[in-house]
A.B. asks: 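Dropping the structure in here first, questions after.
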Amino acid sequence: QVQLVESGGGLVQPGGSLRLSCAASGFTFSTYSTNWVRQAPGKGLEWVSTINNDGVNTYYADSVKGRFTISRDNRKNTVSLQMNSLKPEDTAVYYCNSGAIWGQGTLVTVSS
């Protein structure tokens, strides 16, 4: 099966940290750029971050720049998103995608 699976979401207090993981299977993950996008309650999809196929180039939305870090390990077929200094407005379902392949999402809730 061609698949991406996100994990690592949960409930965290403002100012806290979470690390999300996107695990790939069934395709040549190392040839794809990978994105994180999120959907806050009642909102549309918002692009968060991108990493190119070999991990050399990374890009971030202004809203998360300096707080989030994207990385990948092609030997493990994973892309991670380290999220620090979390804010309530970061609350969303976080999805990873590579090309037309999308994961199921993982929920991040930032609340006191």
A.B. asks: Compare every heavy atom of Arg67 with every heavy atom of Asp90, then report the nearest pair and how far apart it is.
C.D. replies: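 Where Asp90 meets Arg67 most closely, the heavy atoms are OD2-NH1, 2.8 Å.
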A.B. asks: Tell me whether Leu81 is reachable from Ile101 by hopping between hydrophobic residues (I, L, V, M, F, W, Y) whose side-chain heavy atoms are closer than 4.5 Å.
C.D. replies: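 Same hydrophobic cluster.
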A.B. asks: Quick one: pull up CZ in Arg19 and CZ in Phe68 and give me the separation to the nearest 0.5 Å.
C.D. replies: 13.0 Å
A.B. asks: May I have the step-by-step check of side-chain hydrogen bond (donor to acceptor under 3.5 Å, both in side chains) for Ser33 and Asn52, ending in yes or no?
C.D. replies: CA-CA 4 Å; Ser33 292; Asn52 81 327; 5.9 Å; no
A.B. asks: Check step by step if side-chain hydrogen bond (donor to acceptor under 3.5 Å, both in side chains) holds for Ser71 and Ser80.
C.D. replies: CA-CA 5 Å; Ser71 61; Ser80 296; 4.5 Å; no
A.B. asks: Quick check: does any side chain N or O of Asn97 sit under 3.5 Å from a backbone N or O of Gly99, one acting as donor and the other as acceptor?
C.D. replies: yes
A.B. asks: Is it the case that Asn35 and Thr50 place a side-chain donor and acceptor less than 3.5 Å from each other?
C.D. replies: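 The answer is yes; a qualifying pair exists.
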A.B. asks: Which one of Arg38, Lys87, Glu89 satisfies the side-chain contact (heavy atoms from CB on, under 4.5 Å) criterion with Ser63?
C.D. replies: Arg38
A.B. asks: Would you indicate whether Gln13, at its atom CD, is surrounded by more than 12 heavy atoms from other residues, nucleotides or ligands within a distance under 6.0 Å?
C.D. replies: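 For Gln13, atom CD is not crowded (no more than 12 foreign heavy atoms under 6.0 Å).
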A.B. asks: Under the criterion side chain to side chain contact (heavy atoms under 4.5 Å, CB included), I'd like the reasoning laid out for Asn57 against Ile51: C-alpha separation, chi angles, the key distance, then a yes or no.
C.D. replies: CA-CA 6 Å; Asn57 302 121; Ile51 188 165; over 6 Å; no
A.B. asks: Can you classify the ring geometry of Phe27 versus Tyr32 as parallel (below 30°), tilted (30 to 60°) or perpendicular (above 60°)?
C.D. replies: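 Rings of Phe27 and Tyr32: perpendicular, over 60°.
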A.B. asks: Kindly work out whether a path of hydrophobic side-chain contacts (I/L/V/M/F/W/Y, heavy atoms less than 4.5 Å apart) joins Phe29 to Val2.
C.D. replies: yes
A.B. asks: Please test Thr28 against Ser30 for side chain to side chain contact (heavy atoms under 4.5 Å, CB included), starting from the C-alpha separation and ending with a verdict.
C.D. replies: CA-CA 6 Å; Thr28 308; Ser30 61; 3.8 Å; yes
A.B. asks: Which pair of heavy atoms, one from Trp47 and one from Val37, lies closest together, and at what distance?
C.D. replies: CA-CG1, 3.8 Å
A.B. asks: Run the side chain to side chain contact (heavy atoms under 4.5 Å, CB included) test on Ser98 and Thr34 for me, step by step, so that the C-alpha distance in whole Å, both residues' side-chain angles and the decisive distance to 0.1 Å come before the verdict.
C.D. replies: CA-CA 5 Å; Ser98 293; Thr34 299; 2.7 Å; yes
A.B. asks: Look up atom OG1 in Thr78 and atom CG in Asp73, then write down how far apart they are to the nearest 0.5 Å.
C.D. replies: 5.0 Å
A.B. asks: With rounding to the nearest 0.5 Å, note down the distance linking OG in Ser25 to CG in Asn77.
C.D. replies: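 Nearest 0.5 Å value for the OG-CG distance: 8.0 Å.
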A.B. asks: What verdict does the side chain to side chain contact (heavy atoms under 4.5 Å, CB included) test give for Tyr95 and Trp36, after you've listed the backbone C-alpha separation in whole Å, the side-chain angles of each residue and the deciding distance to 0.1 Å?
C.D. replies: CA-CA 6 Å; Tyr95 301 90; Trp36 285 97; 5.9 Å; no
A.B. asks: Tell me whether Asn84 contacts the main-chain N or O of Thr69 through its side chain, where contact means a donor paired with an acceptor under 3.5 Å.
C.D. replies: no
A.B. asks: If hydrophobic clusters are built from ILVMFWY residues whose side chains come within less than 4.5 Å, do Val110 and Met83 share one?
C.D. replies: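 Per the 4.5 Å side-chain linkage, Val110 and Met83 are co-clustered.
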A.B. asks: State the OG-CG distance between Ser111 and Leu86, to the nearest 0.5 angstrom.
C.D. replies: 12.0 Å
A.B. asks: Tell me whether Thr106 contacts the main-chain N or O of Ser7 through its side chain, where contact means a donor paired with an acceptor under 3.5 Å.
C.D. replies: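 The answer is no, because no donor-acceptor pair under 3.5 Å joins these two groups.
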A.B. asks: Tell me whether Val93 shares a hydrophobic cluster with Leu45, the cluster being built from Ile, Leu, Val, Met, Phe, Trp, Tyr side chains joined at under 4.5 Å.
C.D. replies: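 Yes.
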A.B. asks: Linking I/L/V/M/F/W/Y whenever any side-chain heavy atoms sit under 4.5 Å apart, do Tyr60 and Leu18 land together?
C.D. replies: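 Yes; Leu18 is reachable from Tyr60 via cluster members.
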A.B. asks: Starting at OG1 of Thr58, measure out to NZ of Lys65 and round the result to the nearest 0.5 Å.
C.D. replies: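 One finds 9.5 Å between OG1 of Thr58 and NZ of Lys65.
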A.B. asks: Would you find a donor on one side and an acceptor on the other, under 3.5 Å apart, between the side chain of Glu6 and the backbone of Leu20?
C.D. replies: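 The answer is no, because no donor-acceptor pair under 3.5 Å joins these two groups.
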